[in-house]
Protein chains: 2
Amino acid sequence: MPGHIQSLERAAAILRLLAGGERRLGLSDVASSLGLAKGTTHGILRTLQQEGFVEQDPVSGKYQLGAELLRLGNSYLDVHELRARALVWTDDLARSSGEAAYLGVLHQQGVLIVHHVFRPDDSRQVLEVGAMQPLHSTALGKVLAAFDPVAHSEAAEGERTALTGRTVTTAEDFEAVLELARARGWAADLEETWEGVASVAAPVYDRRRMPVGAVGITGAVERVCEGTEIRARLVAAVRDCARAVSRDLGAGRF
Amino acid sequence: MPGHIQSLERAAAILRLLAGGERRLGLSDVASSLGLAKGTTHGILRTLQQEGFVEQDPVSGKYQLGAELLRLGNSYLDVHELRARALVWTDDLARSSGEAAYLGVLHQQGVLIVHHVFRPDDSRQVLEVGAMQPLHSTALGKVLAAFDPVAHSEAAEGERTALTGRTVTTAEDFEAVLELARARGWAADLEETWEGVASVAAPVYDRRRMPVGAVGITGAVERVCEGTEIRARLVAAVRDCARAVSRDLGAGRF
DNA sequence: AGCTGTGGTCGACAATGTCGACCACAGCGG
DNA sequence: CCGCTGTGGTCGACATTGTCGACCACAGCT
């Protein structure tokens, strides 16, 4: 049995390394970072380059990620059934709530944003599709951790770094937060990830009633909150959206 | 010399195959499509799955692209210098022109959209970042083919399929179109790709004065055109934007 | 010049990935 | 109900394939 293909694992490690570092990396950097021989690293990089997964700056010789990854990532979105179903509903959610709407799924130890609808005003906003958010501090992450067992263990085992003064970091407090989310059917993030920013999210279920993702909205705490709580109207809008997407996926009535 | 790593090339072929087909593919489909033994294919797929590049539907056993590709594709955008410089200028372009703005680069035989600013109204629009456009019929593609020698040979060798009745397909006509683009410094697409849709684009240069991409706008022909020509105001806006981005990249004055 | 770094090449060696037969299971039709 | 045919998946022998580390050419500093 060819357990796992070594060269592929190494290629993946190289890609992740290039994705992590802000700027381009040289051949020697890559080789030493992964503990590989230069020749080996060069062979992998050359092949990755030929396939378009990696590009090389002709003058400096440094390597960076390639365009083919963007194209394939886009194709991933096309195939994604959850995202396809959620497109129209999240659009309505952003419109009715007046805030940016997000759709996230569990990926490794975080939430991967697979859809993002801009807040419906003319402000300049950057698209966050493909970005990762922490499980322990965001509304999307808490929802996943509360309702998806896999996400729960990832969140429990992972580190809970304090991103603001309000971030929940201890295991007991975090479990209490998840318990509350399970009881209420939704989760909130009150300046626990970014100062001045709050979010609400609710789970999306598939036809087997298994949680497959979370939808939510994020916005300035002054707009999203009323006192120390999320505005009830927004909570209702998010939950309605999550139910609508779940129904589209075949989860039936609740 | 380890020419090219076979297993990596095969893995890339599998990913492209999965990206091409609309729906998920089974192990046997993949193996027969690529002419590989099932065992070999399974080994590659298993590794790709472990690395997150491929996901497997637990019930049907079919394979599809994985979330890690989206994450890496997003990282590619972060590193992309051209895109980073263009962010603010394309935003202004969309605002001043009232149309959707695009930034594209050459990738294989087409234009890869690396940035897309929605038309500034409340209509529902789908993000096209990561999508590909043809070189021979779109304004972005013509600009690249006219100014970038590599793009030119790709376009000349590639097939020019007629997407509408107005698509330029013969080699002579196409070269004339490119000559016009070089003379004017910009290119147009008057319903040559989609019925009722027109676009304008201009080239972006880097610090070595080499063309590295193209910016442009796309919109309904009634709004973008005046008679049989693009509105002069929009052409000027696109060219200004292209110059601004080029200047940001260090191309200096023209 | 000479040093030290870079990316890149080469060839020997064996670890590695490949192949094709084989297995367990599921769905279908007789 | 039972084989048939399809699926995804496993296994072990074989040799192809990728790996290693020394080596090369070049560039930028001392």
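Chain identifiers are assigned alphabetically (A, B, ...) following the order of the sequence lines, protein sequences preceding nucleic acid strands; residue numbering begins at 1 within each chain. Values in this document were obtained by computation on a predicted structure and should not be read as measured data. No hydrogens, no waters, no symmetry mates; every other heavy atom, side chains included, goes into these values.
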Self-check item: Separation of dC19(C) C1' from Leu36(B) CG (nearest whole Å)
Solution: 10 Å

Self-check item: All salt bridge (charged side-chain N to carboxylate O under 4.0 Å, His left out) counterparts of Glu179(B), not counting sequence neighbours
Solution: Arg182(B)

Quiz item: Can you check the Leu8(A) CG to dT19(D) C1' distance for me, whole Å?
Solution: 15 Å

Quiz item: Under the side-chain contact (heavy atoms from CB on, under 4.5 Å) test, which residues partner His107(B), sequence neighbours left out?
Solution: Ala67(A), Glu68(A), Arg71(A), Leu112(B), Met132(B)

Practice problem: Could you tell me how the ring of Phe147(B) sits relative to the ring of Tyr205(B): parallel (under 30°), tilted (30 to 60°) or perpendicular (over 60°)? | Solution: perpendicular

Quiz prompt | Distance, C1' atom - from dA15(D) to dA12(C), rounded to whole angstrom | solution = 16 Å

Practice problem: Provide, to the nearest angstrom, the distance between the CD atom belonging to Gln6(A) and the C1' atom belonging to dT18(C). | Solution: 15 Å

Practice problem: Hey, could you give me the CG/CG distance between Asp206(B) and Asp248(B), rounded to the nearest 0.5 Å? | Solution: 13.0 Å

Quiz item: In whole angstroms, how far is the P atom of dT16(D) from the CD1 atom of Ile5(B)?
Solution: 18 Å

Quiz item: For the pair made of CG in Leu48(B) and P in dG17(C), what is the distance, rounded to whole Å?
Solution: 13 Å

Exercise. May I ask you to verify if any side-chain N or O of Thr40(A) is less than 4.0 angstrom from the OP1 or OP2 atom of dG18(D)?
Key: no

Quiz item: With a 4.5 Å limit on heavy-atom distance, are the side chains of His152(B) and Glu175(B) in contact?
Solution: yes

Self-check item: Partner nucleotide, any strand, of dC10(C) [Watson-Crick/G-U, under 3.5 Å]
Solution: dG21(D)

Enumerate all atom pairs, one protein N or O and one N or O from nucleotides 4-9 of chain D, separated by less than 3.5 Å.
| unit_1 | atom_1 | unit_2 | atom_2 | d |
| --- | --- | --- | --- | --- |
| dG8(D) | OP1 | Leu27(B) | N | 2.7 |
| dG8(D) | OP2 | Ser28(B) | N | 2.9 |
| dG8(D) | OP2 | Ser28(B) | OG | 2.5 |
| dG8(D) | N7 | Lys38(B) | NZ | 3.4 |
| dG8(D) | O6 | Lys38(B) | NZ | 3.4 |
| dG9(D) | OP1 | Gln56(B) | NE2 | 2.9 |
| dG9(D) | OP2 | Gln56(B) | NE2 | 3.4 |
| dG9(D) | OP2 | Tyr63(B) | OH | 2.5 |
| dG9(D) | O6 | Lys38(B) | NZ | 3.2 |

Practice problem: Using whole Å, report how far CD1 of Ile44(A) lies from C1' of dG17(C). | Solution: 14 Å

Self-check item: Protein-nucleotide distance (His4(A), atom NE2; dT16(C), atom C1'), rounded to Å
Solution: 15 Å

Quiz item: Has Arg10(A) got a side-chain N or O lying under 4.0 Å from the OP1 or OP2 atom of dG18(D)?
Solution: no

Quiz item: After noting the C-alpha distance and the side-chain angles of His136(A) and Gln109(A), does the key distance pass the side-chain hydrogen bond (donor to acceptor under 3.5 Å, both in side chains) rule?
Solution: CA-CA 10 Å; His136(A) 70 286; Gln109(A) 290 87 43; over 6 Å; no

Exercise. Measure from CZ on Arg46(B) to P on dG17(C) and round the result to the nearest Å.
Key: 12 Å

Quiz prompt | Test side-chain contact (heavy atoms from CB on, under 4.5 Å) applied to Leu93(B) and Val238(B), Leu103(B), Val245(B), the passing residue | solution = Val238(B)

